[in-house]
Amino acid sequence: MSCHGGKSYDRLSTMENNIGGVSASEATVALNSLSTDGDRLVRQVRIPWASLAGLGACGGWYVANSLATTPGASYLPSGTGWIPVVGFFVILYLAQRDTGIHFRAMGVPANIALLGLLVLLWGLYSVSLGLIAFNLRWAVVITSVAAFVATTGLAGLAWRSAMRRLRHG
């Protein structure tokens with residue numbers, strides 16, 4: 001008899017009815033089969049470099065968007081700063097849809113890489129604002145390229161971490 005939320009039911013689940021129905025060797029075979037399926041899935045899923053480059057482009061665009069601001073005492077933020085952020089999430093959604101990997105379950109190393117990416121992008125954006133304030137607008141190209149490379153690299157690191165987690169459970 002099962003008890004759910006204070007209500008008792010006379011129906012027994014399949015698991016409760018088949019307590020002694022599986023031998024240890026059958027259970028081992030089933031577990032090995034699951035492990036083999038996981039390994040096969042990891043081998044079939046390829047790193048989506050186009051998606052990672054798209055994420056890198058969004059990171060570079062976010063930092064380059066500092067050129068549309070007027071830093072200093074009369075700071076005016078760009079009105080289009082949200083577009084690369086939306087693009088980032090659209091690309092994440094498309095990559096998740098294409099691969100079936102849910103990014104909220106990527107694991108601690110992947111989440112740390114993504115958090116580091118956010119901090120890095122905010123830092124590069126701030127540096128870009130400083131460069132603009134010193135009238136070195138041309139140097140924002142350097143910070144934007146650095147943002148592209150860092151975003152692509154850290155997104156790749158997060159992806160590989162997700163693959164390791166998928167492989168090892």
Side-chain angles (χ1 to χ4, degrees), residues 30-169:
L31 286 173
N32 288 339
S33 174
L34 288 174
S35 176
T36 303
D37 287 345
D39 289 341
R40 189 177 320 123
L41 175 64
V42 169
R43 282 193 308 272
Q44 289 176 349
V45 174
R46 301 287 175 225
I47 295 176
W49 288 110
S51 296
L52 296 181
L55 293 173
C58 287
W61 184 7
Y62 175 78
V63 172
N65 202 33
S66 63
L67 287 168
T69 64
T70 54
S74 61
Y75 176 74
L76 291 173
S78 168
T80 59
W82 56 273
I83 295 174
V85 175
V86 170
F88 191 86
F89 285 110
V90 167
I91 292 170
L92 280 179
Y93 169 76
L94 292 174
Q96 177 180 340
R97 189 188 70 185
D98 289 344
T99 63
I101 294 178
H102 295 274
F103 293 97
R104 63 182 171 269
M106 290 177 76
V108 173
N111 289 325
I112 289 172
L114 293 177
L115 181 63
L117 175 63
L118 285 174
V119 171
L120 181 68
L121 287 177
W122 287 330
L124 288 170
Y125 185 83
S126 295
V127 168
S128 296
L129 290 176
L131 292 170
I132 293 168
F134 286 116
N135 205 21
L136 297 171
R137 298 178 80 78
W138 61 269
V140 173
V141 170
I142 297 168
T143 57
S144 298
V145 169
F148 171 80
V149 170
T151 303
T152 303
L154 287 174
L157 179 71
W159 187 266
R160 285 187 295 278
S161 173
M163 291 292 98
R164 276 192 301 275
R165 180 168 178 166
L166 183 62
R167 180 177 290 130
H168 299 296

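When reading the values below, keep in mind they use all heavy atoms of this one structure, side chains included, and skip hydrogens, waters and symmetry mates. Given the structure is predicted, the values throughout are model-derived calculations rather than measurements.
- Within the model, atoms OG1 of Thr143 and CG of Leu67 stand 8.0 Å from one another, a figure rounded to the nearest 0.5 Å.
- Each of Val140, Val127, Thr70 was compared with Ile132 under the side chain to side chain contact (heavy atoms under 4.5 Å, CB included) criterion, and only Val140 meets it.
- Annotation: the span from Phe134 atom CZ to Leu129 atom CG amounts to 12.0 Å, rounded to 0.5 Å.
- Of the possible donor and acceptor atoms, none in the side chain of Trp138 sits under 3.5 Å from a partner among the backbone N and O of Asn135.
- The minimum heavy-atom distance between Ser66 and Ser128, with the atom names listed, is OG-CB, 3.1 Å.
- To the nearest 0.5 angstrom, Leu114 atom CG is 12.5 Å from Leu120 atom CG.
- Scanning both residues, Ala155 and Leu55, for their nearest heavy atoms gives CB-CD1, 3.9 Å.
- A 4.5 Å side-chain heavy-atom check between Leu117 and Phe88 finds at least one atom pair inside the cut-off.
- The distance from the OG atom of Ser126 to the CG atom of Leu131 is 11.0 Å, given to the nearest 0.5 Å.
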Worked check of side-chain contact (heavy atoms from CB on, under 4.5 Å) between Val85 and Phe89
CA-CA 7 Å; Val85 175; Phe89 285 110; 3.8 Å; yes

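- Between Tyr125 and Asn65, the closest heavy-atom pair is CE1-C, 4.4 Å.
- Considering all non-hydrogen atoms of both residues, Ala113 and Leu157 come closest at CB-CD2, 3.9 Å.
- With respect to Val63, the side chain to side chain contact (heavy atoms under 4.5 Å, CB included) criterion is satisfied by exactly one of Val145, Leu124, Ile142: Leu124.
- To the nearest 0.5 Å, atom OG of residue Ser78 and atom CD1 of residue Ile83 are 8.0 Å apart.
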